[in-house]
Amino acid sequence: MDKNKIKILPENIANKIAAGEVVQRPESVVKELLENSVDAGARNIDLIVKRAGKVFIQIVDDGEGMTEDDALLSLQRHATSKIFTYEDLEAISTYGFRGEALSSIAAVSQIEIKTHLPTEEVGTYLRTDDGINISKEKGAYPKGTSIIVKNLFFNTPARRNFMKSDATELKHIIETFKREALSQPSISFKLYNDDDLIFDLPAGSKEDRIKAVFAENMLDALVEVKELTDFINMTGYTAKPNFLKKNKGDQYLYVNNRYVISKQINHAVFNAYEHLLEKGDYPFFVLFLDLDPKRVDINVHPSKLEIKFEDERDVYNFVHAVIKKSISSHDLVPTMSFVDNKNENEKLAYNSFVKLNRNDFSDRPALDNKNISFRHTDYNKTSLSDNEIDALFGSLNMDNRKQVISSTDTPGLQEKEYKETEVDATDKTKNQQGMESSFIIQLHNKYILSQIRSGLMIIDQHVAHERILYEKALRAFDANMPFSQQLLFSQTIKVDAGEYAMLKELQPFLTKLGFEIRFFSKDTIVIDGVPQDVKLGTEEAILLDILEEYNKNQKERNQGDQDSLAASFACKAAIKAGDKLSDREMRLLVDQLFATSIPYTCPHGRPIVIKIPLDEFDKRFGRTS
């Protein structure tokens with residue numbers, strides 16, 4: 001009896017085991033063959049599948065072809081023309097390099113290869129049923145290479161049984177075909193399934209390819225991304241916030257033109273949208289990263305889908321910053337239009353496919369008077385005076401303002417101040433675009449309505465103020481220069497042990513916001529000062545509401561301490577639905593909203609502003625001109 005237990009496996013068994021890592025389903029074969037055709041310099045690639053690739057897969061290309069010797073070697077394991085030394089492995093510029101694809105495919109299928117070099121008179125035909133015994137012939141074949149893969153997993157029944165339905169397998173093939181086609185717009189691609197032409201993608205630009213793969217108006221739903229640096233380049237497109245997906249399938253990331261999967265990059269893109277995404281939403285994107293191949297490791301898995309960056313944090317921060325910059329450079333206020341539902345009445349719905357131009361913010365309120373001039377170009381800066389800012393952030397306490405006005409000894413002061421801050425209805429001054437000054441009104445003390453170039457803009461006053469206060473709170477955290485309004489009479493509050501402990505923990509952040517709190521016994525605190533945005537007389541309620549909202553945000557959204565506290569403060573300190581605003585307060589509110597970095601959603605993801613185009617009103621009133 002042989003005492004040795006360890007033996008070298010026969011080559012046919014070893015090949016089948018290795019094939020399991022590379023060839024998992026028909027889609028795996030398609031991916032490897034498409035990438036080989038691209039590496040061969042093909043300008044036209046046809047993919048033909050039958051029974052979703054289970055019984056027949058063919059790739060036909062017009063690439064450089066192979067000699068007979070190269071064709072024979074291509075069926076051997078670890079035979080490749082892409083790398084020769086270890087140094088080559090550190091700077092890979094081709095799709096293939098491991099020398100495993102064709103040998104793995106041949107180990108689990110019947111394969112035929114017809115290839116013809118342009119410089120040779122005849123081509124080569126190879127056929128094998130196991131990857132080991134190979135028959136060969138010479139013949140006149142088209143220039144390039146044609147590879148046919150038949151009866152996938154015919155000799156590994158267990159793996160064959162794990163294949164899904166034809167519809168599912170075809171879906172995977174189409175997805176891989178789209179990925180490869182998007183990365184190579186200069187190559188013409190065709191896909192046939194059971195003799196039906198599914199895709200016919202002529203060569204063109206990246207934009208042409210995106211429209212051909214998805215939809216003719218697809219670019220109207222996307223925001224262009226472009227940032228070129230000495231370290232890394234990033235180009236492509238990402239979705240407008242109202243064109244989001246409920247799955248991660250429509251996220252296409254390419255590193256040096258290779259489709260890859262990177263959780264870090266996906267997370268960077270996701271985070272760049274900040275509060276524009278609701279739970280379960282994912283942004284569509286097609287992004288291309290180009291950097292030194294030596295800074296990337298693609299030899300992580302035989303499928304070559306996983307990737308590692310030399311500087312993970314730097315790449316993450318770069319992608320996050322570029323996506324956020326790209327989003328903020330477009331006017332992303334969602335447009336609503338009436339749509340017909342088969343089972344429901346006509347209703348308003350988001351119109352995702354509206355063309356956007358970078359840095360065009362002209363379709364926003366143009367409210368010009370002698371006190372305020374709304375800007376249309378730079379919404380990251382504001383030229384409001386301190387008094388105007390105070391009018392918004394310090395005087396939104398309606399009760400206090402009314403008390404001050406009513407207590408004056410000067411008759412008619414209230415009427416005089418009102419007239420000075422209201423827009424003269426007869427003063428139809430022209431704004432920068434030549435249109436008449438826009439009206440602004442408050443609807444049911446909840447919404448602010450204003451005329452814009454394309455129609456009507458509607459703003460939710462509460463969530464608009466939330467966004468303003470949220471970003472103001474974050475700036476206060478960064479600046480570490482708290483400003484507090486002192487209370488004439490300090491407020492003593494009784495709290496429970498949990499609230500007391502949490503206030504202690506959050507005191508550094510609360511101080512930066514403008515709260516001045518002293519701690520006494522285990523259930524008593526004293527408020528000496530509050531932020532200028534807190535209405536006088538509501539100090540205790542606001543502080544306790546902030547704690548409650550903070551707990552809720554931590555549990556539901558897993559936000560960081562600063563972000564969660566800023567969102568909680570903004571929610572509770574903001575003006576409420578039902579608060580009546582003067583004309584001037586509405587104008588200041590809108591102006592401050594569009595000076596924020598993301599004026600589209602509140603910190604909790606609720607929409608702030610929508611547009612209704614003028615032609616939608618024309619439809620409802622039957623107007624044709």
Side-chain angles (χ1 to χ4, degrees), residues 241 267-283 316-317 320-321 323-324 327-328 393 460 462-484 493 495-517 519 525 527 529-535 538-577 592-593 596-608:
H267 189 267
V269 176
F270 184 87
N271 270 4
Y273 276 79
E274 200 176 312
H275 306 291
L276 296 174
L277 302 177
E278 295 183 5
K279 188 175 182 180
D281 283 341
Y282 300 94
Y316 180 97
N317 291 336
H320 181 271
I323 295 296
K324 193 164 187 177
I327 293 172
S328 63
F393 294 120
D460 185 322
H462 169 67
V463 291
H465 198 206
E466 263 196 80
R467 164 55 63 177
I468 296 166
L469 295 183
Y470 170 73
E471 295 201 5
K472 184 182 179 186
L474 292 180
R475 289 195 300 271
F477 291 147
D478 292 336
N480 197 21
M481 295 178 61
F483 179 79
S484 177
I493 305 176
V495 294
D496 62 35
E499 291 170 335
Y500 188 92
M502 185 168 294
L503 286 169
K504 270 277 194 183
E505 180 183 340
L506 296 177
Q507 185 183 15
F509 300 124
L510 291 170
T511 299
K512 290 179 181 180
L513 284 176
F515 285 97
E516 290 187 12
I517 302 173
F519 294 85
I525 65 168
I527 303 176
V530 294
Q532 61 179 357
D533 308 295
V534 174
K535 297 179 183 180
T538 64
E539 302 85 2
E540 178 180 352
I542 288 289
L543 184 60
L544 296 180
D545 284 348
I546 289 173
L547 287 186
E548 182 180 350
E549 184 71 14
Y550 175 82
N551 274 329
K552 180 181 176 183
N553 289 339
Q554 289 288 82
K555 291 178 181 178
E556 295 182 359
R557 298 179 177 272
N558 195 28
Q559 293 174 300
D561 287 345
Q562 288 195 20
D563 188 73
S564 181
L565 187 59
S568 304
F569 167 74
C571 178
K572 297 307 177 182
I575 57 176
K576 302 297 187 289
Q592 285 291 296
L593 171 65
T596 62
S597 62
I598 303 181
Y600 315 112
T601 62
C602 78
H604 302 96
R606 287 176 54 195
I608 295 175

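Side-chain contact check for Leu510 versus Leu565: some heavy-atom pair is nearer than 4.5 Å. The shortest distance between side-chain heavy atoms of Ile323 and Tyr273 falls below 4.5 Å. Using a 4.5 Å heavy-atom threshold, the side chains of Ser484 and Phe515 count as separate. Inter-residue side-chain proximity for Pro531 and Phe569 is flagged as met; some heavy-atom pair is nearer than 4.5 Å. For the pair Val463/Arg467, no side-chain contact is recorded, criterion being any heavy-atom separation below 4.5 Å from C-beta on. Contact of the Tyr282 side chain with the Val269 side chain is not registered, since no non-hydrogen atoms from C-beta on lie closer than 4.5 Å.
Contacts of Phe519 classified as ring pair (Phe, Tyr, Trp, His ring centres under 6.0 Å), with partners at least two apart in sequence or in another chain: Tyr500. The salt bridge (Lys or Arg N to Asp or Glu O under 4.0 Å) check on Glu516 picks up nothing, with sequence neighbours excluded. Evaluation of the side chain to side chain donor-acceptor pair (under 3.5 Å) rule for Thr601 yields no partner, not counting sequence neighbours. With sequence neighbours left out, the ring pair (Phe, Tyr, Trp, His ring centres under 6.0 Å) criterion links Phe509 to Phe477. Considering only residues two or more places apart in sequence or on other chains, His320 meets the side chain to side chain donor-acceptor pair (under 3.5 Å) condition with none of them. Under the salt bridge (Lys or Arg N to Asp or Glu O under 4.0 Å) criterion, Arg475 pairs with no residue at all, not counting sequence neighbours. Scanning for salt bridge (Lys or Arg N to Asp or Glu O under 4.0 Å) contacts around Lys324 gives Glu274, with sequence neighbours left out.
Identified under the side-chain hydrogen bond (donor to acceptor under 3.5 Å, both in side chains) test for residues 539-549, with sequence neighbours left out: Glu549-His604.
The line from CD of Glu499 to CG of Leu544 is 5.5 Å long, rounded to the nearest 0.5 Å. Taken to the nearest 0.5 Å, the CD1 atom of Ile575 stands 11.5 Å off from the CG atom of Asp533. The distance from the NZ atom of Lys572 to the CD atom of Glu466 is 9.0 Å, given to the nearest 0.5 Å. Rounding to the nearest 0.5 Å places OG of Ser568 at 9.0 Å from CG of Asp563. Considering CD of Gln592 and CD of Glu471, their distance stands at 10.5 Å, rounded to 0.5 Å. Note that CG of Leu276 and OH of Tyr600 are 8.5 Å apart. Values are rounded to the nearest 0.5 Å.
Lys504 and Pro508 make their closest contact through O-CD, 4.2 Å (heavy atoms, listed as atom of the first residue, atom of the second, distance). Contact between Arg606 and Asp460 at its shortest, heavy atoms only, is NH2-OD2, 3.4 Å. Smallest separation of non-hydrogen atoms from Tyr550 and Ser564: CD1-OG, 3.3 Å.
Under the side chain to side chain contact (heavy atoms under 4.5 Å, CB included) rule, Leu543 has a single partner from Val495, Leu503, Val530, Val534, which is Leu503.
Between Asp478 and Lys512 there is no salt bridge, since no side-chain N of the basic residue sits under 4.0 Å from a carboxylate O of the acidic one.
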